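Input: a single structure, listed below in structure tokens.
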Amino acid sequence: MVPELKSSPKYIVKNLFLYYLFRFATALGQEIFYITFFLCTYWNFDPYICRSLVGIWQIVMYVGQVSKDLLKWPHPFSPLVVKLEIRVDVEYGMPSTHAMAATSISFTFLLCTMHRHKYQFELGLMAAVVLSALVSLSRLYTGMHKLLDVICGVLIIAVVIAPTYPF
């Protein structure tokens, strides 16, 4: 008896640039990227910045996971969207913790470094917006979240960062 092989994907990628761009952006929202980013920030910039980023990340991930467990909204259903990522399909969808983490880390990094290091603020703001947008859009492209999941994740960050950043 021959073991059954995994079935081939039921989709065809027609735009390889978008596919690889959003797969890369999805990796920017994974925990392994943030752990590596925190270490590089600690060694290359400033321990203060790293402590601020880790503190915000902890709060954001806690709020995001508790929200998912309370709301229990599922990810989009597979016949309506093609899921390019099935690794985190066992958890709930609302809010998008990838969007929350990317937005909080990029804007906290901007807020922490703008008075400690010299660079053009507009470039830092543009980098924060592009990183947040890439990760957020990647969650829509890969079929892991609905638009409402991503928008609510970003809005939750605005509510969380405002009172917690000064501390």
Side-chain angles (χ1 to χ4, degrees), residues 20-78 81-117 124-167:
Y20 287 115
L21 174 70
F22 288 129
R23 295 295 287 181
F24 174 73
T26 296
L28 293 178
Q30 303 287 350
E31 289 83 5
I32 192 69
F33 169 75
Y34 288 117
I35 292 168
T36 307
F37 179 72
F38 295 151
L39 291 174
C40 291
T41 301
Y42 187 85
W43 292 329
N44 296 321
F45 284 100
D46 192 352
Y48 163 77
I49 296 168
C50 184
R51 282 191 309 269
S52 299
L53 292 175
V54 169
I56 288 291
W57 188 53
Q58 289 173 342
I59 293 168
V60 164
M61 292 309 285
Y62 179 77
V63 168
Q65 291 301 329
V66 167
S67 299
K68 284 183 179 204
D69 290 340
L70 290 175
L71 294 173
K72 297 182 180 182
W73 288 13
H75 287 284
F77 296 111
S78 191
V81 297
V82 175
K83 289 190 180 191
L84 300 179
E85 182 181 331
I86 57 172
R87 185 179 71 86
V88 293
D89 202 27
V90 294
E91 69 179 24
Y92 297 110
M94 172 66 122
S96 170
T97 51
H98 277 78
M100 291 174 71
T103 304
S104 65
I105 295 299
S106 58
F107 282 97
T108 301
F109 187 80
L110 176 69
L111 291 171
C112 289
T113 59
M114 70 181 174
H115 296 300
R116 296 177 73 88
H117 299 279
L125 181 63
M126 188 170 67
V129 168
V130 166
L131 178 71
S132 301
L134 267 178
V135 173
S136 298
L137 291 173
S138 76
R139 304 316 289 163
L140 298 173
Y141 182 82
T142 57
M144 293 307 299
H145 289 287
K146 297 172 244 174
L147 183 60
L148 184 63
D149 300 344
V150 173
I151 290 172
C152 287
V154 172
L155 290 177
I156 289 171
I157 291 310
V159 171
V160 168
I161 286 184
T164 59
Y165 172 72
F167 300 110

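The model shown is predicted, which means the values in this text are computed figures rather than measured ones. Along the sequence shown, the residues carry numbers beginning at 1.
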Open item on the list: Under the rule for side chain to side chain donor-acceptor pair (under 3.5 Å), what residues qualify as partners of Ser138, not counting sequence neighbours?
Closed with: Thr26
Open item on the list: Restricting to side chain to side chain donor-acceptor pair (under 3.5 Å), what partner residues turn up for Ser67, sequence neighbours left out?
Closed with: none
Task: Polar side-chain atom of Tyr42 near backbone of Arg51 as donor-acceptor pair, under 3.5 Å - done: no
- [ ] Under the side chain to side chain donor-acceptor pair (under 3.5 Å) rule, collect the residues that match up with Thr108, sequence neighbours excluded.
- [x] none
Open item on the list: For a 4.5 angstrom cut-off between non-hydrogen side-chain atoms, does Leu134 reach Leu21?
Closed with: yes
- [ ] Please list, chain by chain and in numerical order, all residues satisfying side chain to side chain donor-acceptor pair (under 3.5 Å) with Thr103, sequence neighbours excluded.
- [x] none
Open item on the list: Quick check: closest heavy atoms across Cys112 and Ser52, and the distance to 0.1 Å?
Closed with: SG-CB, 3.4 Å
Task: Gap between atom CD1 of Ile49 and atom CG of Leu111 - 0.5 Å precision - done: 11.5 Å
TODO: Not counting sequence neighbours, which residues clear side-chain contact (heavy atoms from CB on, under 4.5 Å) with Phe33? List them please.
DONE: Leu28, Phe37
Task: Test item: Leu53 and Trp57 side chains (from C-beta on) under 4.5 Å apart, heavy atoms - done: no
- [ ] Nearest 0.5 Å please: distance from the CE atom of Met126 over to the CG atom of Leu110.
- [x] 12.0 Å
Open item on the list: With rounding to the nearest 0.5 angstrom, report the CD1 to CD1 distance, Ile156 to Ile161.
Closed with: 12.0 Å
Task: Spacing of Ser104 atom OG and Phe109 atom CZ [to the nearest 0.5 Å] - done: 13.5 Å
- [ ] Kindly give the heavy-atom pair with the smallest separation between Met100 and Gly153, and that separation in Å.
- [x] CG-O, 3.2 Å
Task: Pairs involving residues 40-49, ordered by first then second residue, that meet salt bridge (Lys or Arg N to Asp or Glu O under 4.0 Å) (sequence neighbours left out) - done: Asp46-Arg116
TODO: Decide yes or no for Val54 and Tyr34: does some side-chain heavy atom of the first lie under 4.5 Å from some side-chain heavy atom of the second?
DONE: no
Open item on the list: Tell me the closest heavy-atom pair linking Ser136 and Ala99, and the distance in Å.
Closed with: OG-CB, 3.4 Å
